[in-house]
Amino acid sequence: MAEFEITFTTDDITLHGSLRLPAGADADAPVPAVLLLAGSGPTDRNGDSALLPGSIGTLEFLADLLEQHGFASLRYDKLGSGATGLGPYELEDIGDLGFSVFVDSAAAGLRFLAGRAAVDPDRVYAVGHSEGALIALALADRGAKVAGIGLLEPLAVRLLDLLTTQIDNQLTAVVDAGQLPVELADELRVALAGAVESLRDDATLSDDLPDPLRAAGLVPANARALAEEDALDPRELARRLPAGLPVVTSCSAKDIQLINSDVDALDAALAHTALTPVRMTTANHVLKEIGDAPSTGADYIEPLPWSTEFTTGFEAWLRNL
């Protein structure tokens, strides 16, 4: 194995990452390659989050799997994480960049990867985890040259629809537990509906939303990014993929950040592709094995084994590429 610290640029941003090459890869024997795309928040090249006090490692795990099957890979610290940090920006400037900055960064990473002498430019794939799956779909929709895509634990509905469902379920749970009066829960639901309408109408948010909604990220500084991401409907993007394109999706019954029926609907939109669906029963959102235990999110940073259900399905997809 050879792994190199690299940089590539998009606009004024220099992104830092790791290029992994399997043994024997060179200009005389170019290999297929995968661009790995991280999920939401300050998530770095390894899949670790600055919001959690420990190692997650999902993208590094995927790089290991890919190397074992003869694939090169590129993973990088997205804007706001790792060595990339905030780039040339101040923290208060980030909200003005919108979600497109992450798609632009991925497009630059894809070009960088395809341009390596040891990589076969006709066999470059994009594999995204969680929100990264939406970026992979957006890349393909832009016309980027990808030989296939991976959508792992993907955002499978519009972002604000998922956020609405998650918050509604949380409110129902705390009301049922006697921790919140039903009247206050209904007020929060009304405020949330108004916030979604405002984002979809003109990409703005009020600065006086209730604290629980602000804690969920519904603040004016995030408005542009939320609106741009919500405008990308994963199922519509999936329907526009080329017929016969190799695609893999994964979801688990233990994943607390998605709804399996949503991924089933995404799969239906992918019926015209060469789809490999991977369905798991005991993996959490970051692809770790948790067995019979419920996932709470705290398990993301525990030193657990990787899901064999995922590994088996993903490796089967790789062998058919």
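Residue numbers run from 1 in the order of the sequence given. Hydrogens, waters and symmetry mates are skipped; everything else that's a heavy atom, side chains included, is used.
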Smallest heavy-atom separation, Ala33 atom then Val119 atom, equals CB-CG1, 3.6 Å
Carefully, step by step, assess Asp299 and Ser295 under the rule side-chain hydrogen bond (donor to acceptor under 3.5 Å, both in side chains). CA-CA 6 Å; Asp299 45 288; Ser295 178; 2.9 Å; yes
Start with the C-alpha gap between Thr14 and Thr9, add the side-chain angles, then the distance that decides, and say whether side-chain hydrogen bond (donor to acceptor under 3.5 Å, both in side chains) holds. CA-CA 4 Å; Thr14 297; Thr9 61; 5.9 Å; no
Angle between ring planes, Trp317 versus Phe314, binned at 30° and 60°: parallel, tilted or perpendicular? tilted
Enter the distance from Arg200:CZ to Leu226:CG here, rounded to the nearest 0.5 Å. 11.0 Å
Salt bridge (charged side-chain N to carboxylate O under 4.0 Å, His left out), that's the test. Do Asp262 and Arg235 meet it? Break it down for me. CA-CA 10 Å; Asp262 289 340; Arg235 297 176 196 176; 3.5 Å; yes
Hey, could you give me the CG/CG distance between Leu184 and Leu171, rounded to the nearest 0.5 Å? 10.0 Å
Would you check, one step at a time, whether the test side-chain hydrogen bond (donor to acceptor under 3.5 Å, both in side chains) holds for Asp267 with Thr249? CA-CA 8 Å; Asp267 282 356; Thr249 62; 2.9 Å; yes
Among Val127, Val248, Leu66, Thr276, find the residue that satisfies the side chain to side chain contact (heavy atoms under 4.5 Å, CB included) test when tested with Leu318. Leu66
Check whether any side-chain N or O of Lys254 sits under 3.5 Å from a backbone N or O of Glu289 as a donor-acceptor pair, and report yes or no. no
Tell me, do Leu65 and Glu315 make a side-chain contact under 4.5 Å, heavy atoms counted? yes
Ser73 vs Glu67, side-chain hydrogen bond (donor to acceptor under 3.5 Å, both in side chains): CA-CA, chis, key distance, verdict: CA-CA 8 Å; Ser73 64; Glu67 181 197 350; over 6 Å; no
Candidate pair Leu258 and Cys251, rule side chain to side chain contact (heavy atoms under 4.5 Å, CB included), full reasoning: CA-CA 8 Å; Leu258 56 79; Cys251 71; 3.9 Å; yes
Arg123 to Tyr125 six-membered ring, cation-pi geometry met (6.0 Å, 45°): no
Measure the shortest side-chain to side-chain distance between Tyr76 and Leu36 over non-hydrogen atoms and say whether it is less than 4.5 angstrom. no
Run the side chain to side chain donor-acceptor pair (under 3.5 Å) test against Ser130 and tell me which residues pass, sequence neighbours left out. His285
Examine Lys288 relative to Tyr300 and say whether NZ or CZ is less than 6.0 Å from the centre of the six-membered ring and inside a 45° cone about the ring axis. no
Backbone N/O of Pro234 and side chain of Arg158: donor-acceptor pair under 3.5 Å: no
Looking at Asp292, I want to see if its CG is surrounded by more than 12 non-hydrogen atoms of other residues, nucleotides or ligands under 6.0 Å. no
From CA spacing to verdict: side chain to side chain contact (heavy atoms under 4.5 Å, CB included), Phe310, Leu152: CA-CA 10 Å; Phe310 172 78; Leu152 311 181; 3.8 Å; yes
Considering all heavy atoms, the nearest Leu37-Ala106 contact: CD2-CB, 3.6 Å
Roughly how far apart are Asn284 CG and Leu304 CG, rounded to 0.5 Å? 7.0 Å
Would you check, one step at a time, whether the test side chain to side chain contact (heavy atoms under 4.5 Å, CB included) holds for Thr10 with Val101? CA-CA 9 Å; Thr10 177; Val101 69; 5.8 Å; no
With salt bridge (charged side-chain N to carboxylate O under 4.0 Å, His left out) as the criterion, how do Asp168 and Arg189 come out once you've worked through the C-alpha distance, each side chain's angles and the decisive distance to 0.1 Å? CA-CA 7 Å; Asp168 182 67; Arg189 290 187 174 99; 2.4 Å; yes
Side chain to side chain contact (heavy atoms under 4.5 Å, CB included) test vs Ile167 passes for just one of Thr172, Leu213, Leu188, namely Leu213
Verify side chain to side chain contact (heavy atoms under 4.5 Å, CB included) between Lys145 and Val124, making sure each step is shown before the conclusion. CA-CA 8 Å; Lys145 187 178 179 181; Val124 178; over 6 Å; no
